[in-house]
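Within every chain, numbering begins at 1; the chains are lettered A, B, ... in the order of the sequence lines, protein sequences first and strands thereafter.
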Amino acid sequence: MERPLRRQPGQDPHGQLSDPDLPAVIRDRREKLRRLREAGVEPYARSFERTHTTAQARALLGERVQVAGRLVARRGMGGMAFADLQDGAGRIQLVARRDRLGEAAHAAFLDLDLGDIVGAEGTVFTTKKGEVSVDLDRVPLLSKSLRPLPEKWHGLKDVETRYRQRYLDLISNPESRAVFEKRTRVIGAVRRLLDERGFLEVETPILHDIASGGHARPFTTHYNALDRDFFLRIALELHLKRLIVGGVERVYEIGRTFRNEGISPRHNPEFTMLEVYQAYATYEDMMRLTEDIIVAAAEAAGTSLTTSYQGEDIDFTPPYRRETMRDLVLELTGRDLAGNELDDAFETEVQPQLRQPTFVLDYPVEISPLARRRADDPRFVERFELIIAGREHANAFTELTDPIDQRERFEQQAAARAAGFEEAHPFDEDFVTAMEYGMPPTGGLGIGIDRVVMLLTDQPAIRDVLLFPQLKEAPRQG
RNA sequence: GCCCGCGUAGCUCAAUUUGGCAGAGCAGGGGACUCUUAAUCCCAAGGUUCACGGUUCGAGUCCGUGCGCGGGCACCA
């Protein structure tokens with residue numbers, strides 16, 4: 001019978017005080033917590049009256065402030081000690097002087113650990129060396145930290161820990177925090193742009209009884225009350241187009257979408273999509289809208305239109321190059337193709353070479369069952385993808401509005417599925433019914449928000465722009 | 001699912017090439033220090049080298065299997 005290698009956290013806290021499997025740095029903290037409680041100190045305060053953030057306090061020389069945050073560095077000098085306090089707005093130096101605080105409070109300050117959450121009450125001043133600081137009168141402990149922080153100078157490097165324990169990444173790596181703040185600002189800017197143009201933001205179902213709107217393997221779940229399998233949505237498209245039929249002429253949704261596929265630096269099983277539909281618009285209008293969205297997003301992220309991604313110069317200045325898929329393949333391979341052959345040749349031989357923003361136009365009808373055919377050549381549809389740095393960032397069509405054609409396209413997809421293409425588009429009878437009531441001419445656009453954020457924040461992997469990316473189960477608890 | 005690489009102290013990294021006592025910095029412990037800011041100085045401590053098995057007198061190092069992470073491929077018509 002083997003004894004457990006490590007105990008799970010949360011059980012028998014007193015037993016853990018002497019748990020020989022725990023690192024000494026953690027045992028020491030627990031012991032200190034016990035001593036504090038014995039001395040009558042409550043190590044987890046109910047609240048603290050914070051009057052200013054560290055950023056606000058910096059501008060208030062000579063004034064009394066109450067700031068609060070995490071202790072992230074300390075430099076003891078005996079009778080005078082320094083520490084850095086970090087809050088959501090930044091950092092400020094704390095200065096503890098024995099002759100001002102008194103012996104007991106000064107000793108208590110020196111007894112604090114890096115990682116502790118404290119309040120800091122005192123007067124803002126500038127040290128002889130020019131550092132804006134708080135001259136402490138009081139430093140109440142607000143929350144005792146029982147685990148050591150990552151290395152103060154190098155930060156947290158281990159990528160697995162950064163993803164699994166994102167809070168440590170956010171505490172120790174300010175540049176990581178900045179990426180997520182930019183992500184939020186990008187999404188806000190996109191919303192603002194669309195709202196200003198009269199688009200209505202909506203929420204459509206995530207649980208679908210048909211996984212339609214794209215080519216992808218869905219996640220399956222089970223609805224007990226209906227005793228029926230459901231799917232997590234793989235796209236937003238068909239519900240939003242039902243709203244177009246319903247007279248919501250400008251509509252969009254920003255939402256999580258799920259695809260049951262491999263994980264890679266560019267794919268996470270759940271990701272954020274923007275889909276926009278505009279009645280009486282075409283895919284040319286969607287190209288201009290896409291350009292406007294990219295420009296607004298870059299501005300929100302604080303990224304210049306002429307920038308670089310992973311060392312490669314990228315110019316986001318519109319208008320972007322517009323070329324048909326057929327011409328691009330012809331130009332780069334010398335072959336004039338159509339249908340699936342064209343798409344295959346494009347993906348393997350052309351797309352990786354498209355580095356600057358490029359609208360690739362007019363896809364084969366076979367792989368585009370929801371898009372309108374070109375009037376001059378019905379083998380192709382009015383569709384574009386926006387390729388930047390070799391990757392797809394947007395996908396848009398002049399939407400198919402002919403219910404008879406739509407039914408035939410779905411039937412072709414059903415035949416493909418019967419022939420073994422598991423990801424072929426399923427037949428959505430209810431959607432065809434909606435279209436039969438009459439759908440106005442419409443342009444539609446989908447943008448992969450995560451990938452746009454990757455581009456604008458120069459992050460190499462989609463995991464770096466997702467707070468909690470999908471990982472396998474951790475091998476053990478530490 | 002397949003191929004390649006990686007896994008050493010709480011954190012950041014050495015030692016792996018060529019098998020020979022597992023080391024440093026930070027953090028933590030003890031001490032000195034009233035203008036430091038990667039503070040400095042002195043002392044002591046800290047390890048199931050991812051796990052299990054094998055080869056060997058001897059394995060962090062070589063071999064096998066498993067787990068996790070990273071990259072590539074497949075999937076993403």
Side-chain angles (χ1 to χ4, degrees), chain A residues 2-3 5-6 20-32 71-84 91-101 106 110-111 113-115 125-133 135 145-165 168 171-173 214-218 234 259-269 271 339-344 347-348 363-364 366-369 391-392 412-413 416-417 419-425 448 460-461 463 469 471-476 478:
Chain A
E2 263 181 339
R3 82 192 162 92
L5 295 179
R6 300 191 187 178
D21 294 326
L22 275 175
V25 282
I26 295 178
R27 284 206 306 273
D28 290 345
R29 295 279 182 108
R30 294 186 178 184
E31 174 59 24
K32 187 179 280 187
L71 234 65
V72 291
R74 188 175 44 199
R75 298 168 291 281
M77 292 277 302
M80 189 169 194
F82 304 85
D84 294 338
R91 289 186 179 190
I92 195 166
Q93 177 169 270
L94 308 181
V95 177
R97 291 187 291 164
R98 187 186 284 134
D99 55 12
R100 183 177 175 108
L101 278 170
H106 192 72
L110 294 176
D111 196 44
D113 287 302
L114 295 189
F125 77 114
T126 305
T127 63
K128 290 175 190 169
K129 296 289 174 66
E131 183 75 26
V132 175
S133 308
D135 195 9
S145 169
L146 297 180
R147 288 175 184 265
L149 291 178
E151 223 262 357
K152 65 178 177 182
W153 183 245
H154 299 92
L156 179 62
K157 288 269 183 59
D158 183 85
V159 293
E160 186 174 352
T161 308
R162 285 184 52 226
Y163 300 149
R164 286 195 195 281
Q165 295 178 275
L168 293 179
I171 291 167
S172 346
N173 300 326
H215 304 286
R217 194 172 309 208
I234 58 168
R259 294 190 179 177
N260 203 342
E261 291 159 1
I263 299 175
S264 87
R266 296 158 294 282
H267 299 83
N268 196 68
F271 60 102
N340 284 306
E341 280 188 326
L342 173 62
D343 186 56
D344 291 345
E347 277 194 14
T348 56
Y363 280 58
E366 290 86 348
I367 60 166
S368 312
R391 301 174 187 167
E392 174 193 345
Q412 285 161 12
Q413 292 293 313
R417 174 174 289 242
F421 290 110
E422 196 179 335
E423 291 82 21
H425 206 300
R463 296 178 207 95
L471 297 179
K472 291 187 191 174
E473 186 184 2
R476 59 168 58 177

Establish, with yes or no, whether the OP1 or OP2 oxygen of B:rA27 is under 4.0 angstrom from a side-chain nitrogen or oxygen of A:Arg75. no
Would you say a side-chain N or O of A:Arg463 is under 4.0 Å from OP1 or OP2 of B:rG70? yes
Between B:rC13 and B:rA38 - C1' atom distance, rounded Å: 16 Å
Work out how far the C1' atom of B:rG66 is from that of B:rC76, and round it to whole angstrom. 29 Å
Going by atom types only, do A:Gln93 and A:Arg75 share a side-chain donor-acceptor pair under 3.5 Å? yes
Select base, sugar-phosphate, or nothing to describe what A:Leu149 touches, counting heavy atoms under 4.0 Å on all strands. nothing
Could you please name the partner base of B:rC2, counting Watson-Crick and G-U wobble pairs only when both distances are under 3.5 Å? B:rG72
Counting any heavy atom closer than 4.0 Å, what does A:Glu366 reach on the DNA or RNA strands: base, sugar-phosphate only, or nothing? base
Of the listed B:rA77, B:rG29, B:rA39, the closest approach to the A:Asp343 side chain comes from B:rA77
Tell me: NZ of A:Lys157 to C1' of B:rG10, nearest whole Å? 16 Å
Grab the CD-P distance between A:Glu347 and B:rC75 for me, whole Å please. 10 Å
Below 4.0 angstrom from OP1 or OP2 of B:rU34, is there any side-chain N or O of A:Lys128? no
How far, in whole Å, is B:rA24 from B:rA15 if one measures between their P atoms? 15 Å
Whole-angstrom distance between B:rG58 and B:rG46, as gauged at atom P: 27 Å
Taking only side-chain N and O atoms of A:Lys152, does any of them lie within less than 4.0 angstrom of OP1 or OP2 on B:rA27? yes
Among B:rG70, B:rU37, B:rA27, which nucleotide has an atom closest to any side-chain atom of A:Glu131? B:rU37
Using the C1' atom on both, measure B:rC26 against B:rG64 and round to a whole Å. 38 Å
In whole Å, what is the span from the CG atom of A:Asp84 to the C1' atom of B:rU37? 6 Å
Give me the distance, rounded to whole Å, that separates B:rA22 from B:rA14 when you measure between the C1' atoms they each carry. 10 Å
Scan A:Gly76 against the nucleic acid and name what it touches under 4.0 Å (heavy atoms): base, sugar-phosphate only, or nothing. base
Taking B:rU61 as the reference, what is the distance to B:rU56 when you measure between their P atoms (whole Å, please)? 16 Å
Output the rounded distance in Å from NE2 (A:His106) to C1' (B:rU34). 8 Å
Quick one: is A:Arg164 getting a side-chain N or O under 4.0 Å of the B:rC69 phosphate, OP1 or OP2? yes
Say we look at B:rG60 and B:rG20: how far apart would their P atoms be, to the nearest angstrom? 10 Å
